[in-house]
Amino acid sequence: MASQKIIRRIISSSLSPTPVGPYNQAVLVDRTLYLSGVLGIDVQTKKLVEGGAAAEAHQALVNMGNILKEAGSDYDRVIKTTIFLQNMNDFGGVNEIYKNFFKGKYPARSTFQVVKLPMEAQFEIEAIAVTGEVETL
């Protein structure tokens, strides 16, 4: 039986900041999209937005949306997120921002407090999403 090739495509959106290290914004394998950690960086200034974890979360989720769109996906097709916080006391405020982007049937999620994030960020998010038509039950 001959095996079918699986396509691995690099995803990059000019509307989101370039990665701060040697990695891609996202990689699409077949219909599964793997998004690298996204920070609350303003694409114009290339700096973290001011205002703390909630402000960074908002900007990071906007950046993530641009990457999802570039891959042919969206927030409704995100199946798993992982959030990294510098301070778990920001959990409630970040949740309020998160609910503005993910509505209804939320993706699976983990949240961790970490000692340090790139660029002294207070918030980072990574995700796994799918592309194509999805039926949610």
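Numbering of residues begins at 1 and proceeds along the displayed sequence. Here the structure is a predicted model, which is why all the values come from computation and not from measurement.
- Residues I83 and Y106 share a hydrophobic cluster, clusters being chains of Ile/Leu/Val/Met/Phe/Trp/Tyr side chains in contact below 4.5 Å.
- From E96, atom CD reaches atom NE2 of H58 across 13.5 Å, with rounding to the nearest 0.5 Å.
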- Message: Under the criterion side chain to side chain contact (heavy atoms under 4.5 Å, CB included), I'd like the reasoning laid out for V62 against F101: C-alpha separation, chi angles, the key distance, then a yes or no.
- Response: CA-CA 9 Å; V62 167; F101 292 86; 3.9 Å; yes
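- Here the CD atom belonging to E56 is positioned 11.5 Å from the CG atom belonging to L61, to the nearest 0.5 angstrom.
- Between L33 and A26, the closest heavy-atom pair is CD1-CB, 3.7 Å.
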- Go through Q122 and D90 one step at a time and tell me if the side chain to side chain contact (heavy atoms under 4.5 Å, CB included) criterion holds. CA-CA 9 Å; Q122 296 178 45; D90 293 322; 4.0 Å; yes
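- Note: D76 CG to F102 CZ = 9.0 Å, rounded to the nearest 0.5 Å.
- Across all their heavy atoms, S12 and Q25 have their closest contact at CA-OE1, 3.0 Å.
- Using the six-membered ring where Trp is involved, F112 and F84 have ring planes that are parallel, under 30° apart on the 30 and 60° scheme.
- A donor and an acceptor atom, one from each side chain of N66 and E70, are nowhere located under 3.5 Å apart.
- The side-chain tip of R109 points at the ring of Y98 from less than 6.0 angstrom away and within 45° of straight on.
- Between E126 and L35 the shortest side-chain heavy-atom distance does not fall below 4.5 Å.
- For the pair N95 and I97, the minimum side-chain heavy-atom distance is 4.5 Å or more.
- Looking at every heavy atom in both residues, P19 comes nearest to N24 through CG-C, 4.0 Å.
- Hydrophobic clustering (side-chain heavy atoms under 4.5 Å, transitive across Ile, Leu, Val, Met, Phe, Trp, Tyr) keeps V20 apart from L15.
- In this structure, I125 and T82 have side chains that are not in contact, with every pair of non-hydrogen atoms separated by 4.5 Å or more.
- In this structure the side chain of V130 never reaches within 4.5 angstrom of the side chain of S73, judged on heavy atoms.
- Here OG of S36 is found 12.0 Å from CE of M64. Values are rounded to the nearest 0.5 Å.
- Atom CD1 of I10 has more than 12 neighbouring heavy atoms from other residues, nucleotides or ligands inside a 6.0 Å radius.
- The closest donor-acceptor contact from the side chain of R31 to the backbone of A129 lies at 3.5 Å or more, if one exists at all.
- Within a 6.0 Å radius of NZ in K47, other residues, nucleotides and ligands contribute 12 heavy atoms or fewer.
- Put simply, CZ on R8 and OG1 on T32 are 13.5 Å apart, with the number rounded to the nearest 0.5 Å.
- Between A55 and V49, the shortest heavy-atom distance links the atoms O-CG2, 3.4 Å.
- Under a 3.5 Å cut-off, the side chain of S13 and the backbone N or O of I67 do not form any donor-acceptor pair.
- Under the 4.5 Å side-chain criterion, counting only non-hydrogen atoms from C-beta, R9 is not in contact with V27.
- Taking all atoms of both residues into account, the shortest heavy-atom contact from I6 to V29 is CG2-CG1, 3.5 Å.
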- Decide side chain to side chain contact (heavy atoms under 4.5 Å, CB included) for Y34 and L28; before the verdict, give the C-alpha distance in whole Å, the side-chain angles of both, and the deciding distance to 0.1 Å. CA-CA 6 Å; Y34 300 89; L28 180 64; over 6 Å; no
- Q59/I41 under side chain to side chain contact (heavy atoms under 4.5 Å, CB included): CA gap, chis, key distance, verdict: CA-CA 7 Å; Q59 184 63 53; I41 298 173; 5.9 Å; no
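- Judged purely by distance below 3.5 Å, without hydrogens or angles, the side chains of K46 and T18 never pair a donor atom with an acceptor atom.
- Counting all heavy atoms, side chain and backbone alike, A127 lies closest to T81 at CB-CG2, 4.0 Å.
- When the side chains of ILVMFWY residues are joined at heavy-atom separations under 4.5 Å, either directly or via intervening members, V134 and V78 end up in two distinct hydrophobic clusters.
- Residues in residues 116-137 take part in no ring-ring contact (aromatic ring centres under 6.0 Å, His included) pair, two or more places apart or across chains.
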Contacts under 3.5 angstrom, residues 113-120 side chains, donor-acceptor by atom type, not counting sequence neighbours:
unit_1, atom_1, unit_2, atom_2, d
Q113, OE1, M88, N, 2.8
K116, NZ, E120, OE2, 3.3

